[in-house]
Amino acid sequence: MTKVVALENAETPVTCNAICPGWVLTPLVQAQIEARAKNEGIPVAQAERDLLMEKQPSGRFTTVDQLGGVTVFLSSDAASNITGTTLPVDGGWLAR
C-alpha cells in the first residue's frame, strides 16, 4: 500500500512511507515480559533482556521519542523526496 500511494502521488508534494518499529515497551509488551518471567521463574529484567535479544540485537527498546523523531524527519523538507519506502527503527531486527 505504501508503494502504491507513493506512486499515485509521485508528482505531488504528498509522500507515503512506513515506519516499522521493533519492540516498543508498551503495556502489552510489559505484560508479556512479566508473564515470561513468572512462567520461567526468572527475574523480570532477565525476561526483558531475553525477549529483546531474540529479535533486536541492540538489546534496547525502540522509544516513542525515536519514532516521533523519524516521523518529524519524514514530515520535513529534508525528506520531501523520500517516498514509497519502509524505515525500520528496530535496533537491528531486520539486519539479522
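Position 1 is the first residue of the sequence; numbering continues from there.
Listed by first and then second residue, the salt bridge (charged side-chain N to carboxylate O under 4.0 Å, His left out) pairs that reach into residues 52-61 are R36-E54, sequence neighbours excluded.
Summarising the geometry, atom CG belonging to D50 is positioned 5.0 Å from atom CD1 belonging to I42; distances are rounded to the nearest 0.5 Å. Note that the SG atom of C20 and the CG atom of L94 stand 7.5 Å from one another [nearest 0.5 Å]. For the atom pair L51 CG and W23 CH2, the distance stands at 4.5 Å (nearest 0.5 Å). Taken from CD in Q30 to OG1 in T26, the straight-line distance is 9.0 Å, to the nearest 0.5 Å. Note: E34 CD to K38 NZ = 10.5 Å, rounded to the nearest 0.5 Å.
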Identify all side-chain donor-acceptor contacts of residues 10-17 below 3.5 Å with residues at least two apart in sequence or on another chain.
unit_1, atom_1, unit_2, atom_2, d
T12, OG1, N9, O, 2.8
T12, OG1, V14, N, 3.1
N17, OD1, G84, N, 3.2
N17, OD1, T85, N, 3.2
N17, ND2, I82, O, 2.9

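Minimum interatomic distance between R96 and P57 (heavy atoms only, all atoms of both residues): NE-CG, 3.5 Å. Taking every heavy atom of both residues into account, L74 and A79 meet most closely at CA-CB, 3.7 Å.
F61 and V89 fall into different hydrophobic clusters, where Ile, Leu, Val, Met, Phe, Trp and Tyr are joined by side-chain heavy atoms under 4.5 Å apart, directly or via other members. In the hydrophobic clustering of this structure, L87 groups with V24; members are Ile, Leu, Val, Met, Phe, Trp, Tyr whose side-chain heavy atoms approach within less than 4.5 Å, directly or through other members. In this structure, V44 is a member of the same hydrophobic cluster as L52, with clusters built from ILVMFWY side-chain heavy atoms closer than 4.5 Å.
Between the side chain of Q66 and the main chain of T63, a donor-acceptor pair closer than 3.5 Å is present.
Remark: N81 CG is loosely packed, at most 12 non-hydrogen atoms of other residues, nucleotides or ligands lying under 6.0 Å away.
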Intermediate values then yes/no, side chain to side chain contact (heavy atoms under 4.5 Å, CB included), T86 and T2 = CA-CA 8 Å; T86 58; T2 300; 5.6 Å; no
